[in-house]
Chemist: 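Dropping a structure here in structure tokens format, bear with me for questions.
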Number of protein chains: 2
Amino acid sequence: MGRWEPDARGRLARVALELYAERGFEQTTVEDIAERAGVTERTYFRHFADKREVLFDGSAALQSLVVDAIRDAPAGRSAVEVAAEAFASAGALIEERHEFARRRAAVIAANPSLQERELYKLASLTSAATAALVARGIPQPTAALAASLGVTAFSLAFETWVADESSADLSSTIRTTLAALREVATT
Amino acid sequence: MGRWEPDARGRLARVALELYAERGFEQTTVEDIAERAGVTERTYFRHFADKREVLFDGSAALQSLVVDAIRDAPAGRSAVEVAAEAFASAGALIEERHEFARRRAAVIAANPSLQERELYKLASLTSAATAALVARGIPQPTAALAASLGVTAFSLAFETWVADESSADLSSTIRTTLAALREVATT
DNA sequence: GTCTATAGGGCGATAGAC
DNA sequence: GTCTATCGCCCTATAGAC
């Protein structure tokens, strides 16, 4: 056995969610997290830029998934269709860790500064999706609009899915939400 | 003359924008702002919850304007049409202080934590608009979708308007952006 | 790993308006 | 007297610097 337990980063992320859920975000110090994970506070900040970022470790992977799905979508589809499928596949990724996703969502919902970070990540996702659509040859303004529609559907669908345990799976909720969005837009 | 100059809050807001523009948000301390405004740091925090909030003093007024416009819209219009007009009138309010709005936007664009707060305010605006649409008798899910479309158009239009000095006025940019959004959605 | 500046909250004192 | 704005000094945790 080595001098340190492996996967300090993963332990920090798990422990942070635990503590934020137990006592609340503000009532937890970074030192509390580091201690329970068996590392120093300094080590926490080597892995995560700030106290909030530990809850957003998965967002880069989610973004890659969306970008790749847009790149690999069959040719000849409209911008919204491509975006819709890309975000539906992102929904599938979340579905795989649905228990984690729901716990994490509850923690975020309880704290405004975490909501701010979440919204920032969604905005980054919109930018990345826009760029990926542009790379497919879709003109900039159209790409930005389609990406915005996709992220809006994604985020409204996620809210629905989190609120209702027994609802449909996230991917299909995203698809139906986007369909509803298109319906409302045309009215 | 009283012991204090009047309108400490307004002075703090003006001075903060000045300093954030001059030296950058991170290079400015709350003490710097308080000092230049002729109050103490403690007084700053009585008026504004944190270092960022001073740039968002107008958002409550903007939100009221949108909510009132939704309430007062003529009957018989669709949810998106009502939302569109409400956000266009919000655009007119910003247009009145366009120089301030552009300076403020530049400061926010230069700092991620300010962007986070901006996104949070936009999300609050979405919630408020949704509630106002529901109060008109529009069913919840439709209201949420229409409000999201409105805020998306508002925010994309604002980006365009800020980027291009010589562009059309903000209200009409919002209208054309929403029209483009509806067009893209139906494709 | 150690050190330090700053954000930001708590509490009580003070000074004015009414 | 009350109500409200300002101030001073205490404190801790975050987060960056060295």
Side-chain angles (χ1 to χ4, degrees), chain A residues 2-5 8-9 11-13 15-57 59 107-108 110-121, chain B residues 1-57 59-60 107-108 110-121:
Chain A
R3 201 136 58 103
W4 304 289
E5 293 297 318
R9 187 186 182 91
R11 277 198 327 276
L12 283 165
V15 161
L17 180 59
E18 248 174 55
L19 286 171
Y20 292 166
E22 278 174 27
R23 8 180 141 153
F25 177 75
E26 310 221 315
Q27 285 65 48
T28 306
T29 69
V30 173
E31 200 181 351
D32 294 335
I33 299 167
E35 195 184 2
R36 197 183 276 194
V39 298
T40 65
E41 186 182 291
R42 191 67 186 74
T43 299
Y44 173 93
F45 282 111
R46 274 181 9 89
H47 286 283
F48 303 104
D50 59 44
K51 189 183 164 185
R52 292 176 284 159
E53 195 63 20
V54 68
L55 288 179
F56 299 87
D57 211 21
S59 50
V107 168
I108 292 173
N111 185 279
S113 81
L114 292 173
Q115 292 165 47
E116 292 187 350
R117 179 59 54 84
E118 173 98 313
L119 291 165
Y120 187 83
K121 297 292 181 182
Chain B
M1 185 179 104
R3 200 147 71 94
W4 304 294
E5 293 298 318
D7 193 26
R9 186 186 182 90
R11 270 188 344 266
L12 283 164
R14 264 174 279 115
V15 162
L17 179 59
E18 249 174 55
L19 287 171
Y20 292 166
E22 279 174 26
R23 10 180 139 152
F25 177 75
E26 309 223 314
Q27 285 65 49
T28 305
T29 69
V30 173
E31 201 182 349
D32 294 336
I33 299 166
E35 194 183 2
R36 197 183 278 194
V39 297
T40 65
E41 183 183 305
R42 203 64 199 77
T43 297
Y44 173 93
F45 282 110
R46 280 189 38 79
H47 285 283
F48 303 103
D50 59 42
K51 190 182 163 185
R52 293 174 283 159
E53 195 63 19
V54 67
L55 288 179
F56 297 87
D57 212 19
S59 50
V107 168
I108 292 173
N111 186 278
S113 81
L114 292 173
Q115 292 165 45
E116 291 187 352
R117 180 59 53 84
E118 174 97 312
L119 292 165
Y120 186 83
K121 297 293 180 181

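Throughout, protein chains are lettered first and strands after them, A, B, ... in sequence-line order, and every chain is numbered starting at 1.
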Chemist: About how many Å separate CG of B/L114 and CZ of B/F56, when rounded to the nearest 0.5 Å?
Modeler: 5.5 Å
Chemist: What is the distance, rounded to the nearest whole Å, between atom CZ of A/R46 and atom P of D/dT14?
Modeler: 19 Å
Chemist: What residues form a side-chain hydrogen bond (donor to acceptor under 3.5 Å, both in side chains) with A/S113, not counting sequence neighbours?
Modeler: A/N111
Chemist: Checking B/D57 against B/R14 for the salt bridge (Lys or Arg N to Asp or Glu O under 4.0 Å) test, could you report, in this order, the C-alpha distance in whole Å, the side-chain angles of both residues, the deciding distance, and whether it holds?
Modeler: CA-CA 11 Å; B/D57 212 19; B/R14 264 174 279 115; over 6 Å; no
Chemist: Using atom CD of B/E53 as one end and atom P of C/dG8 as the other, report the distance to the nearest whole Å.
Modeler: 11 Å
Chemist: Name the nucleic acid region contacted by A/T28, choosing base, sugar-phosphate or nothing; use a 4.0 angstrom heavy-atom cut-off, strictly under.
Modeler: sugar-phosphate
Chemist: Just compare C/dT6, D/dA5, C/dG8 and give me whichever is closest to any side-chain atom of B/T29.
Modeler: C/dT6
Chemist: In whole angstroms, how far is the P atom of D/dA13 from the CZ atom of A/F25?
Modeler: 14 Å
Chemist: Output the rounded distance in Å from CZ (B/F48) to C1' (C/dA7).
Modeler: 16 Å
Chemist: Calculate the interatomic distance between B/K51 atom NZ and D/dA15 atom P; express it in whole Å.
Modeler: 13 Å
Chemist: Looking only at side-chain atoms of A/V30, point me to the closest of D/dT14, D/dC7, D/dA15.
Modeler: D/dT14
Chemist: A quick test of your reading: do over 12 heavy atoms of other residues, nucleotides or ligands sit less than 6.0 Å from CD of B/E41?
Modeler: yes
Chemist: How close or far is atom C1' of C/dA7 from atom CZ of A/R52, stated in whole angstroms?
Modeler: 13 Å
Chemist: Round to the nearest Å and state the distance from B/D50 atom CG to C/dG9 atom C1'.
Modeler: 12 Å
Chemist: Which pair of non-hydrogen atoms, one from A/A34 and one from A/L12, has the smallest distance, and what is that distance?
Modeler: CA-CD2, 4.1 Å
Chemist: Using the 3.5 Å cut-off, write out each protein N or O paired with an N or O of nucleotides 16-18 of chain D and the distance between them.
Modeler:
none

Chemist: Would you say B/T40 places a side-chain N or O within less than 4.0 Å of OP1 or OP2 belonging to D/dC7?
Modeler: yes
Chemist: Does D/dA5 have OP1 or OP2 sitting under 4.0 Å from an N or O in the side chain of B/H47?
Modeler: no
Chemist: Which salt bridge (Lys or Arg N to Asp or Glu O under 4.0 Å) pairs, counting each pair once, include a residue from residues 43-56 of chain A, with sequence neighbours left out?
Modeler: A/D50-A/R117, A/R52-B/E116, A/E53-A/R117, A/E53-A/K121
Chemist: Would you confirm whether B/T28, through its side chain, and B/G24, through its main-chain N or O, come within 3.5 Å as a donor-acceptor pair?
Modeler: yes
Chemist: Measure from OH on A/Y20 to C1' on D/dT14 and round the result to the nearest Å.
Modeler: 11 Å
